[in-house]
Amino acid sequence: MSAYAVVQTGGKQYKVAVGDVVEVEKLEGEPGTEHTFPAVLYVDGGDVTTDADALAKVSVTGKVVEQTKGPKIRIHKFKNKTGYHKRQGHRQKLTRIEVTGINK
């Protein structure tokens with residue numbers, strides 16, 4: 001069983017292992033830029049680390065693969081009997097990160 005960690009970025013948590021590619025909310029940086037994420041949980045085989053002092057030493061590094069956008073979300077607001085319709089769209093900006101290492 002390989003080691004993995006749970007990291008938090010953009011208000012969300014992601015389970016990552018070395019070599020994984022994850023899409024997170026937009027982070028600044030060109031492709032190839034390195035980012036470091038703090039670990040919320042670290043699992044190495046049967047050894048689970050949740051202690052805050054031990055997790056302060058664990059860091060997850062990753063490099064930016066590309067800047068991209070998520071799927072189009074269509075918003076339609078409607079009020080009955082008034083003729084009110086409002087249509088709007090949104091595409092969330094995302095960053096694709098490749099996890100290069102989990103340092104303990």
Side-chain angles (χ1 to χ4, degrees):
M1 218 169 163
S2 63
Y4 67 88
V6 175
V7 296
Q8 182 171 359
T9 179
K12 298 178 182 73
Q13 294 182 351
Y14 302 91
K15 177 183 170 185
V16 297
V18 176
D20 286 354
V21 177
V22 293
E23 283 187 345
V24 300
E25 291 204 13
K26 184 166 173 45
L27 296 171
E28 296 299 323
E30 297 295 319
T33 306
E34 290 282 329
H35 279 283
T36 304
F37 305 98
V40 178
L41 175 80
Y42 177 69
V43 177
D44 187 10
D47 181 31
V48 179
T49 305
T50 58
D51 182 43
D53 294 332
L55 287 173
K57 300 172 189 167
V58 178
S59 66
V60 177
T61 57
K63 69 175 183 174
V64 175
V65 176
E66 67 174 330
Q67 302 287 355
T68 183
K69 287 184 178 181
K72 179 98 170 194
I73 297 172
R74 289 175 171 64
I75 299 128
H76 182 224
K77 295 181 181 180
F78 168 79
K79 290 198 177 179
N80 197 15
K81 300 179 185 173
T82 62
Y84 174 78
H85 290 270
K86 182 176 182 181
R87 291 176 188 87
Q88 185 177 351
H90 175 75
R91 288 187 74 186
Q92 184 67 39
K93 293 182 179 178
L94 301 171
T95 302
R96 192 167 283 139
I97 300 278
E98 180 182 359
V99 179
T100 55
I102 299 175
N103 306 319
K104 186 169 183 186

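Since this is a predicted model, take the numbers as computed values, not measurements. Residue numbers run from 1 in the order of the sequence given.
Partners of His76 according to the ring pair (Phe, Tyr, Trp, His ring centres under 6.0 Å) rule, which considers only residues two or more places apart in sequence or in another chain, are His85. In terms of the side-chain hydrogen bond (donor to acceptor under 3.5 Å, both in side chains) criterion, Thr33 has no residue partners (sequence neighbours excluded). Every residue meeting the side-chain hydrogen bond (donor to acceptor under 3.5 Å, both in side chains) condition with Glu23, not counting sequence neighbours, appears here in chain and number order: Arg96. Not a single side-chain hydrogen bond (donor to acceptor under 3.5 Å, both in side chains) links Gln13 to another residue, sequence neighbours left out. Annotation: side-chain contact (heavy atoms from CB on, under 4.5 Å) contacts of Asn80 (sequence neighbours excluded): Phe78. Partners of Lys15 by salt bridge (charged side-chain N to carboxylate O under 4.0 Å, His left out), not counting sequence neighbours: none found. The salt bridge (charged side-chain N to carboxylate O under 4.0 Å, His left out) search around Lys12 returns Glu25, not counting sequence neighbours. For Asp53, there are no salt bridge (charged side-chain N to carboxylate O under 4.0 Å, His left out) partners two or more places apart in sequence or in a different chain.
Taking all atoms of both residues into account, the shortest heavy-atom contact from Val64 to Gly29 is CG1-O, 4.2 Å. When all heavy atoms are compared, the tightest approach of Ala39 to Val58 is CB-CG1, 3.7 Å. Between Ala3 and Ala17, the shortest heavy-atom distance links the atoms O-CB, 3.8 Å. A pairwise comparison of heavy atoms in Leu55 and Thr50 identifies CD1-O, 3.6 Å as the closest pair. The minimum heavy-atom distance between Thr36 and Ser59, with the atom names listed, is CG2-CB, 3.8 Å.
In this structure, Val65 shares a hydrophobic cluster with no other residue, the cluster being traced through Ile, Leu, Val, Met, Phe, Trp and Tyr side chains under 4.5 angstrom apart. Hydrophobic clustering, defined by side-chain heavy atoms of Ile, Leu, Val, Met, Phe, Trp and Tyr closer than 4.5 Å, leaves Leu94 isolated from every other such residue.
Residue pairs meeting the ring-ring contact (aromatic ring centres under 6.0 Å, His included) criterion with at least one partner in residues 34-54, sequence neighbours excluded, do not occur; the list is empty. A salt bridge (charged side-chain N to carboxylate O under 4.0 Å, His left out) check over residues 55-64, counting only residues at least two apart or in different chains, returns nothing.
Under the 4.5 Å side-chain contact rule for hydrophobic residues, Val22 and Val18 share a cluster.
The only option from Val7, Asn103, Val6 that meets the side-chain contact (heavy atoms from CB on, under 4.5 Å) definition with Val60 turns out to be Val7.
The distance from atom CD1 of Ile97 to atom CG of Leu27, rounded to the nearest 0.5 Å, is 5.0 Å. Considering OG1 of Thr49 and CG of Asp44, their distance stands at 8.0 Å, rounded to 0.5 Å. A distance of 10.5 Å separates OG1 in Thr61 from CD in Glu98, rounded to the nearest 0.5 Å. Taking NZ from Lys69 and NE2 from His90, the interatomic distance works out to 9.5 Å, rounded to the nearest 0.5 Å.
Taking a 6.0 Å sphere around NZ of Lys26, one finds it holds more than 12 heavy atoms contributed by other residues, nucleotides or ligands.
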